[in-house]
Amino acid sequence: MIAVGSDHGGLEMKQAICRLLQERGLEFSDLGPADDGSVDYPDFGVKVATAVASGACETGVLICGTGIGMSIAANKVDGIRAALVHDSFTAQMAKEHNNANVLVLGGRVLSIDLGCELVRVWLDSTFESGRHQQRLDKIHQIEADRK
Ligand code: RB5
C-alpha cells in the first residue's frame, strides 16, 4: 500500500501519480487534499509519514511546490527516509542507496510527465543493502540516541 499526499502546489501531480499507480494495479491511499484550496504542507506530510512509519503503508509519495517543505516535514517522523528527487539518477539512488520509504517531488519544479517517470524509476529500483544498510543503521541510531 502506497500513501500519497500533497499540498495545493502538488495537487495536479498527485492526481497524475494516483492515475499512474492505478494503471499499474498498485494499491494506494490518497491522504489528500481533495481540492486545490490552499493548505499547509506539514499537515499532509505528517499524514503520509505517519502512515508509513506505523506500517499501515509500505511507502509514500509526497508533492508540494518545491518538494522542500514536504521533505523537511516528513523527515521529522522517526523511521522516515524521505528523499526529494529531481531526475532519474536521484530517483534510482534514493531506492538503491538510501532505501527511501517516501519519495518527494516538486510539483512546480518538474513537469507532470517527469514526476510520473521518477515515481516509476523509484518503484522499479531495488535497495542494494550491504554497506548501504550499515549507513541506514547509523541514521536510525541518531534517532535512538536522541530519545
Ligand atoms: C506553497 O505555496 C509552497 O510553499 C509549498 O508548496 C512548498 O513549496 C513548500 O516547500
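All figures in this text were calculated on a predicted structure; none of them were measured in a lab. Just follow the structure's listing: the first ligand is 1, and inside any ligand the first atom is 1.
- Of the protein's heavy atoms, Tyr41 CE2, 3.5 Å lies nearest to atom 9 (C) of ligand 1.
- One side chain, Asp137 or Gln133, offers a donor N or O that lies under 3.5 Å from an acceptor on the other.
- Using a cutoff of 4.0 Å between basic side-chain nitrogens and carboxylate oxygens, Arg24 and Asp124 are scored as salt-bridged.
- Of the possible donor and acceptor atoms, one in the side chain of Asp35 sits under 3.5 Å from a partner among the backbone N and O of Gly37.
- Looking at Thr66 next to ligand 1, an N or O pair under 3.5 Å apart turns up.
- Note on ligand 1: Met70 sits outside its first shell, no heavy atom being nearer than 4.0 Å.
- Shortest contact from atom 1 (C) of ligand 1 to any protein heavy atom: His8 NE2, 3.6 Å.
- The protein heavy-atom contact nearest to atom 10 (O) of ligand 1 is Gly69 N, 2.8 Å.
- Counting only heavy atoms, the protein never gets under 4.0 Å from atom 4 (O) of ligand 1.
- For His97 and Arg131, the side-chain atoms include no donor-acceptor pair closer than 3.5 Å.
- Distances between N or O atoms of Gly65 and those of ligand 1 include at least one value under 3.5 Å.
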Table please: side-chain donor-acceptor pairs of residues 53-66 below 3.5 Å, with sequence neighbours left out.
unit_1	atom_1	unit_2	atom_2	d
Ser54	OG	Thr50	O	3.0
Ser54	OG	Ala51	O	3.1
Ser54	OG	Ala56	N	3.2
Thr66	OG1	Ile68	N	3.0

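- When the shell of 6.0 Å around CD of Glu12 is examined, it contains 12 or fewer heavy atoms from other residues, nucleotides or ligands.
- Near Asp7, the atoms of ligand 1 lying under 4.0 angstrom from a non-hydrogen atom of the residue are 1 (C), 5 (C), 6 (O).
- Trp122 places no side-chain N or O within 3.5 Å of a backbone atom of Asn101 that could act as its donor or acceptor partner.
- Distance from atom 2 (O) of ligand 1 to its nearest protein heavy atom, with residue and atom name: Arg108 NH1, 3.3 Å.
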